[in-house]
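In the text below, chain A, chain B and the rest are named by the order of the sequence lines, each starting its count at 1.
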There are 2 protein chains.
Amino acid sequence: MSAPLRFPAERRHTLALAERVYAELKRALFAFELLPGERFSENTIAERTGASRTPVREALTRLAREGFLTVQNRSGWRVNDLDFSIFDQLYEVRTIVELASIDRLTAQTEPAGIAELITLWQVNEAERLTDGPAVFVQDEQFHSRLVAGTGNAELQRIHTSVTERIRIVRQLDFTESYRVEATYNEHAAILTAIVQHRASEAKRLMQTHIELSRQSVRKISLHRLYEARQQARDDAHQPERLSEPATGGIRSPLTETLSEKNLGDRSHESS
Amino acid sequence: MSAPLRFPAERRHTLALAERVYAELKRALFAFELLPGERFSENTIAERTGASRTPVREALTRLAREGFLTVQNRSGWRVNDLDFSIFDQLYEVRTIVELASIDRLTAQTEPAGIAELITLWQVNEAERLTDGPAVFVQDEQFHSRLVAGTGNAELQRIHTSVTERIRIVRQLDFTESYRVEATYNEHAAILTAIVQHRASEAKRLMQTHIELSRQSVRKISLHRLYEARQQARDDAHQPERLSEPATGGIRSPLTETLSEKNLGDRSHESS
DNA sequence: TCGCTCTATCTTGTATACCAGTTGATATTC
DNA sequence: GAATATCAACTGGTATACAAGATAGAGCGA
């Protein structure tokens, strides 16, 4: 077995091992190298990362608590399905937090951090980024800094955790350029409303903005996820997987949850 | 050394060991058997609980992630100070979540779970509980079920975690009977507004209700905390502690944070 | 061919061993 | 006597060992 996830042997003690395993696993989850529904053991991860089971376990339990994984009683770990009813709930939490943040920002005489955001988002078309993933990173920072402007670190912590939960599907949404353009326009409008202390308009715009994102994510189908997996396989130059799952089963793109069971291997099918 | 935290040897495998250590540590924190500012080692906890370091460590890292403890690099663990600026932030989060919940409840034609709450809180004085701690438990359930009525499990998770963070100081607030009475009255009024679909009034009442609680908690002084510690010591029939801290230092009850450093042992002082 | 049983193997949960960094008391120096 | 150097004991981070439950599959019987 090769070890695509292995860390370099050098620079061992720069960061805690458990932390690095955590980061690596999270990356693998977002890159769909670990697929929803996939099962794996602690030993597998330990071998792949070169660490022992102890730090691996710490990383896994943390990811489980964050909702990405589930441990099955003495019977291995499992990557949680992409459950769109949960994503809906997380989007609602995000809306609640960000609308409350806007209320607090517009109540400030000089809304904190808004000036910097304006220089990023209220720019003419020539200065705009067009690379989807790059805009995606900027977009997350936009929302994050709005919440940061409230000065409430606990609120920010919650917002960050929600953002990270949604990221796995949201990143798939930023491959299309039209969403990039819409993002620029909507962010610019929201910032304008905030600096003018027009709370209810800013909130209305934000609610719509988030709702559009939610609907867009809702449309993510098995097809898109399948593409992402293929991409992950190609990148790895290593088609084998941690474990071969049972393929087949339900395939409808309208199911509420996406997992390996309804993903399967359809490379030989016609669309 | 005796072992006040030791589990009974029987009934070993009913619940995961790490889980029990976690629960026991949390109980000890809330009972001020582990005091803010206090330092301790993994081995100490392992001896006291009869478990090995592995499950102890799992419990400790979890409590650290929840904000109760801090691990110092190869130099022991520390109970976090009671930081009232953080409690303020948590109260704000609680307000945001519960007001949003009211919005969603009043939008329902038949607000979920409200009927049951009414039978508990809209009762005449003879049927009311008077025992502070008992009412405290009921109070937490009141707020929790309001959020549950939204049907958003993720929102509820967040609300629960915030509630548990605040609990350590809020429990001190329910020793006085006047707060009990106020709680009954305020809860009854909030429920009335909700069933009448008067969202803004319900929100106004809830905001005030939470704000009063926050202010009440803010007034908790070193004195109250000192009493709680004494109580914990008396209950334990075992005055010795996990570690003897350095006493003395700042004593002002107006400091933003409460810890052992500004608590000390003042049993021989006059008030 | 189907279904049952048994068992070898794999899994996590827990305990223990080892290592390197931290610390605080003590010896030492001036 | 005060400042400093030293070192032994203690700490958490990690690796490994061991135990017991879960599982899949071979074997067997009908």
Side-chain angles (χ1 to χ4, degrees), chain A residues 1 3 6-25 34 38-65 69-80 242-247, chain B residues 1 3 6-25 34 37-65 68-80 242-247:
Chain A
M1 284 195 187
R6 176 162 295 143
F7 296 119
E10 352 109 30
R11 303 185 78 248
R12 253 296 154 91
H13 291 281
T14 45
L15 193 64
L17 200 42
E19 197 78 20
R20 285 198 297 168
V21 173
Y22 168 82
E24 170 55 22
L25 283 173
L34 286 169
E38 190 168 335
R39 295 175 60 178
F40 61 91
S41 74
E42 295 175 3
N43 277 323
T44 317
I45 306 297
E47 280 172 29
R48 290 286 196 285
T49 58
S52 78
R53 272 184 62 215
T54 309
V56 166
R57 211 149 192 291
E58 195 169 323
L60 290 175
T61 54
R62 185 172 163 193
L63 287 165
R65 196 154 300 286
L69 304 175
T70 303
V71 58
Q72 295 162 328
N73 194 24
R74 276 174 221 267
S75 163
W77 293 76
R78 185 182 186 279
V79 181
N80 286 350
L242 292 178
S243 73
E244 271 320 313
T247 59
Chain B
M1 282 200 185
R6 176 161 295 143
F7 296 119
E10 352 105 34
R11 304 185 76 250
R12 253 297 153 92
H13 291 280
T14 44
L15 193 64
L17 200 42
E19 197 78 18
R20 286 198 298 167
V21 173
Y22 168 81
E24 170 55 23
L25 283 172
L34 286 169
E38 191 169 332
R39 295 175 61 179
F40 61 90
S41 74
E42 295 176 2
N43 277 322
T44 317
I45 307 296
E47 281 174 27
R48 290 287 198 285
T49 58
S52 78
R53 273 183 61 213
T54 308
V56 166
R57 211 149 191 293
E58 195 169 324
L60 290 175
T61 55
R62 184 172 163 195
L63 286 165
R65 194 153 301 283
F68 293 105
L69 304 175
T70 304
V71 57
Q72 295 162 329
N73 194 23
R74 276 172 219 269
S75 163
W77 293 75
R78 185 182 185 280
V79 181
N80 285 351
L242 292 178
S243 73
E244 271 320 312
T247 60

Interatomic distance, B/L17 CG vs D/dC18 P [rounded to whole Å] = 20 Å
Whole angstrom value for the distance that separates C1' of D/dG12 from CD of B/E58 = 16 Å
Relative to the 5' end of DNA chain C, which residue comes earlier, A/T54 or A/L60, by the nucleotide with the nearest heavy atom?
-> A/L60
In whole angstroms, how far is the P atom of C/dT12 from the CD atom of B/E19?
-> 18 Å
Taking OP1 and OP2 of C/dA15, is either one under 4.0 Å from a side-chain nitrogen or oxygen of B/S52?
-> yes
Length of the CZ-C1' vector between A/R20 and D/dT14, whole Å = 12 Å
Result for 5'-nearest mapping on DNA chain D, choosing between A/R53 and A/N73, is A/R53
Tell me: CZ of A/R78 to C1' of C/dC10, nearest whole Å?
-> 19 Å
Distance in Å, A/T54 OG1 paired with A/E42 CD, rounded so as to fall on 0.5 Å steps = 9.5 Å
Interatomic distance, CD@B/E47 vs OG@B/S41, rounded to 0.5 Å, equals 7.5 Å
Rounded to the nearest 0.5 Å, what separation is found between the OG1 atom of A/T49 and the CD atom of A/E24?
-> 8.0 Å
Not counting sequence neighbours, which residues clear side-chain hydrogen bond (donor to acceptor under 3.5 Å, both in side chains) with A/S52? List them please.
-> none
Exercise: identify the closest heavy-atom pair between A/W77 and A/T61 | CH2-N, 3.9 Å
Taking only nitrogen or oxygen atoms into account, show me every contact under 3.5 Å that the protein makes with nucleotides 7-11 of chain D, one pair per line with its distance.
{"residue": "D/dT11", "atom": "O3'", "partner": "B/G76", "partner atom": "N", "Å": "3.2"}

For A/T70, all residues meeting side-chain hydrogen bond (donor to acceptor under 3.5 Å, both in side chains), sequence neighbours excluded | A/N80
To the nearest angstrom, how far is A/R39 atom CZ from C/dT11 atom P?
-> 10 Å
